[in-house]
Amino acid sequence: MAGGCSIVWFRRDLRVEDNPALAAGVRAGQVIAVYIWAPEEEGHYYPGRVSRWWLKQSLALLDSSLKNLGTCLVTKRSTDSVSSLLEVIKSTGATQLFFNHLYDPLSLVRDHRMKEILTSNGIAVRSFNADLLYEPWEVLDDEGRPFNTFTGFWDRCLSMPYDPESPQLPPKKIISGDLSKCPSETLVFEDESEKGSNALLARAWSPGWSNADKALAAFISGPLLEYAKNRRKADSATTSFLSPHLHFGEVSVRKVFHLVRIKQVLWANEGNTAGEESVNLFLKSIGLREYSRYMSFNHPYSHERPLLGHLKFFPWIVDEGYFKAWRQGRTGYPLVDAGMRELWATGWLHDRIRVVVSSFFVKVLQLPWRWGMKYFWDTLLDADLESDALGWQYISGTLPDGREFDRIDNPQFEGYKFDPNGEYVRRWLPELARLPTEWIHHPWDAPEYVLQAAGIELGSNYPLPIIKMDAAKARLQEALTQMWQHEAASRAILENGIEEGLGDSSEDSPIAFPQDMEMEMDENTLRTNPTTTTIRHYEDQMVPSMTTSLVRGGGEESSSDLANLAEDSRAQVPTNRGVDNTQTARTDNMQPQMDITRALRNADDLTVESSNSSGSSSRERDGGVVPVWSPSTSSFTETFVGEDSSYSQRHPQSHQLINWRRLSQTG
DNA sequence: AACATTTTAGG
DNA sequence: CTAAAATGT
């Protein structure tokens with residue numbers, strides 16, 4: 001099918017090497033490379049400042065490498081990628097479009113729609129896997145169902161009957177299509193107020209595919225060997241630093257996999273077991289990235305709803321003061337505060353410290369996890385919706401194989417584990433720099449004379465603990481008790497068919513958002529005890545908007561606006577509800593809930609956007625739209641069967657993935 | 001050296 | 001919680 005020219009639509013695959021869509025375009029003849037900047041499509045998840053900075057650099061580098069090959073990158077500013085693509089097609093006379101798959105819920109729906117529209121316009125559309133070792137629908141258990149635990153998934157990935165595709169070389173030359181009627185538009189990725197902070201980033205980071213290659217090579221020949229040993233230190237120096245490169249697809253994960261695997265074979269032959277083990281651990285973290293896409297594909301709501309339903313009944317503490325103290329690194333727990341200061345200053349955090357600060361956020365402060373996830377999204381250089389959603393769900397105990405729900409980590413002990421000499425804390429909390437190591441992770445226990453000698457006045461230049469750990473533990477127990485009670489009550493109500501749902505209060509009273517979400521590190525008066533009266537909310541929390549002006553004109557947002565927005569985005573996204581009939585046989589040995597579930601699904605169906613079911617080629621999974629580029633064969637289960645989770649043993653009835661379309665919706 | 005006890009890691 | 005590893009007797 002040679003002839004007309006092809007569009008290659010770049011998204012998060014900003015590389016020329018091992019880029020199947022680009023390769024296909026080159027094979028087909030003339031190529032027009034396009035990047036469309038349409039951040040409004042991302043809804044809540046407008047990229048943060050550092051992420052946009054990275055994208056800008058990366059696009060510039062991609063453009064220059066495309067120029068070396070014979071074309072350039074056409075950039076378009078848009079609010080609707082699909083219509084922009086149509087315009088590009090129209091102005092260039094292209095007849096084909098090639099792109100690489102994405103797996104976040106918004107992309108799944110948009111790309112599916114795009115494929116339908118373009119196909120109906122006579123454009124040949126082909127898409128490829130460029131982001132994963134295996135497509136999500138390739139990795140299934142012996143019964144042909146998707147895995148619900150990471151180990152199951154990853155073991156299967158590593159023992160697939162066929163290897164991941166080998167990385168392809170970049171094209172030698174690209175024949176450019178006619179760009180005379182398709183001018184680039186200037187993309188603005190930063191505003192004036194952001195330029196100063198962004199200038200600092202360039203000192204530490206080098207975006208772009210060629211730099212990604214260098215980072216990969218440097219990691220493999222350097223820190224990889226000691227990865228196992230160093231992985232528990234707070235210090236980031238021994239990590240691969242590949243995550244932002246991988247997020248934007250500047251380096252192919254298949255290339256990473258192959259090169260690392262080669263190194264492993266080498267070490268194995270030398271009898272270097274430490275190196276072998278290091279590779280296994282590093283590959284595991286690559287595997288988690290794969291798994292995040294896998295989960296996002298199979299559970300398209302996982303970035304906004306807990307995968308285990310009982311979390312719906314967790315009484316989150318909605319407290320601006322807590323949230324602000326956490327963001328500013330003023331919780332009074334040195335390891336947490338150091339991490340939050342580093343995040344703010346650099347956009348980077350070691351994986352271990354991410355676990356510490358997010359665990360503190362959920363378990364100690366009991367703030368709604370999606371707020372924390374949103375803050376990560378706004379501040380992390382490697383912000384990645386799928387990975388971050390998986391991470392926060394893991395921390396929050398909402399995955400079958402996540403951390404136990406009642407586990408609460410003590411930052412003091414973790415401090416001595418990950419930062420035994422206090423170097424990390426001293427680097428990011430200069431006010432504690434003179435405190436001896438003995439007290440560095442629990443200054444509140446230090447004798448007065450020690451504090452004086454170190455120039456510390458607790459509650460003045462460094463906060464007292466925002467809440468004591470024993471109080472936090474008691475409060476968490478209490479919250480969990482309440483959660484199970486509400487969960488049981490709700491279930492009882494459902495079984496009795498009574499329509500006075502407890503869990504439904506969210507419908508009427510959404511969480512009010514803090515008005516002031518500024519993230520500045522100001523010297524506000526310290527709130528060591530932000531709340532005396534604890535406000536709890538029984539609902540699935542919503543996300544506060546912190547990207548004020550950029551998303552929606554900077555106006556104030558009433559909670560109802562946000563509720564509407566949430567509803568809107570919900571309507572666009574595949575819904576995760578209902579079991580299809582093929583599941584009946586498998587699930588009927590669980591609890592006798594089938595009729596109820598089915599009734600709920602039917603009620604849901606009434607509320608589904610009709611556009612979802614209009615397309616003749618759309619296929620249903622979970623009742624949601626499946627991209628046409630995936631086989632529809634996967635019969636999907638909505639029930640987690642985590643026998644390996646202690647919680648599921650204690651609360652087997654709570655193991656259903658909840659039907660999030662309002663349990664007691666009056667239909 | 002064999003076994004009991006404690007600590008740690010765990011996706 | 002459980003399994004494995006580290007430590008102690």
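The sequence lines fix the lettering, A, B, ..., with proteins before strands; numbering per chain opens at 1. Just so we're clear, the structure is a prediction, and the values are computed from it rather than from any experiment. All heavy atoms count here, side chains included; hydrogens, waters and symmetry mates do not.
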Exactly one of A/F297, A/Y162, A/Y294 clears ring-ring contact (aromatic ring centres under 6.0 Å, His included) with A/Y134, and that residue is A/Y162
Measure [atom1]/[X] against [atom2]/[N] and give the value in whole Å, please.
{"X": "A/D406", "N": "B/dG10", "atom1": "CG", "atom2": "P", "answer": "19 Å"}
{"X": "A/E404", "N": "C/dA3", "atom1": "CD", "atom2": "P", "answer": "14 Å"}
{"X": "A/W154", "N": "B/dG10", "atom1": "CH2", "atom2": "C1'", "answer": "18 Å"}
{"X": "A/K284", "N": "B/dG11", "atom1": "NZ", "atom2": "C1'", "answer": "6 Å"}
{"X": "A/N280", "N": "B/dA9", "atom1": "CG", "atom2": "P", "answer": "18 Å"}
{"X": "A/D401", "N": "B/dG11", "atom1": "CG", "atom2": "C1'", "answer": "5 Å"}
{"X": "A/Y291", "N": "B/dG11", "atom1": "OH", "atom2": "C1'", "answer": "8 Å"}
{"X": "A/R407", "N": "C/dT2", "atom1": "CZ", "atom2": "C1'", "answer": "13 Å"}

Review point. Quick one: is B/dT8 close enough that its OP1 or OP2 comes under 4.0 Å of any side-chain N or O from A/K417?
Key: no
Between A/E135 and A/H101, is any side-chain donor less than 3.5 angstrom from a side-chain acceptor? yes
A/D382 and A/H247: side chain donor to acceptor below 3.5 Å
no
Closest of B/dG11, B/dG10, B/dA9 to the A/L390 side chain is B/dG11
- Task: May I ask you to say what A/R352 touches in the nucleic acid, namely base, sugar-phosphate or nothing, with a heavy-atom cut-off under 4.0 Å?
- Result: sugar-phosphate
- Message: Tell me whether the ring of A/Y394 lies stacked over the B/dG11 base, given a 5.5 Å limit on centroids and a 30° limit on the plane angle.
- Response: yes
Exercise. Hey, mind stepping through A/E487 and A/R491 against salt bridge (charged side-chain N to carboxylate O under 4.0 Å, His left out) and telling me if it holds?
Worked result: CA-CA 6 Å; A/E487 197 263 355; A/R491 196 153 21 86; 2.9 Å; yes
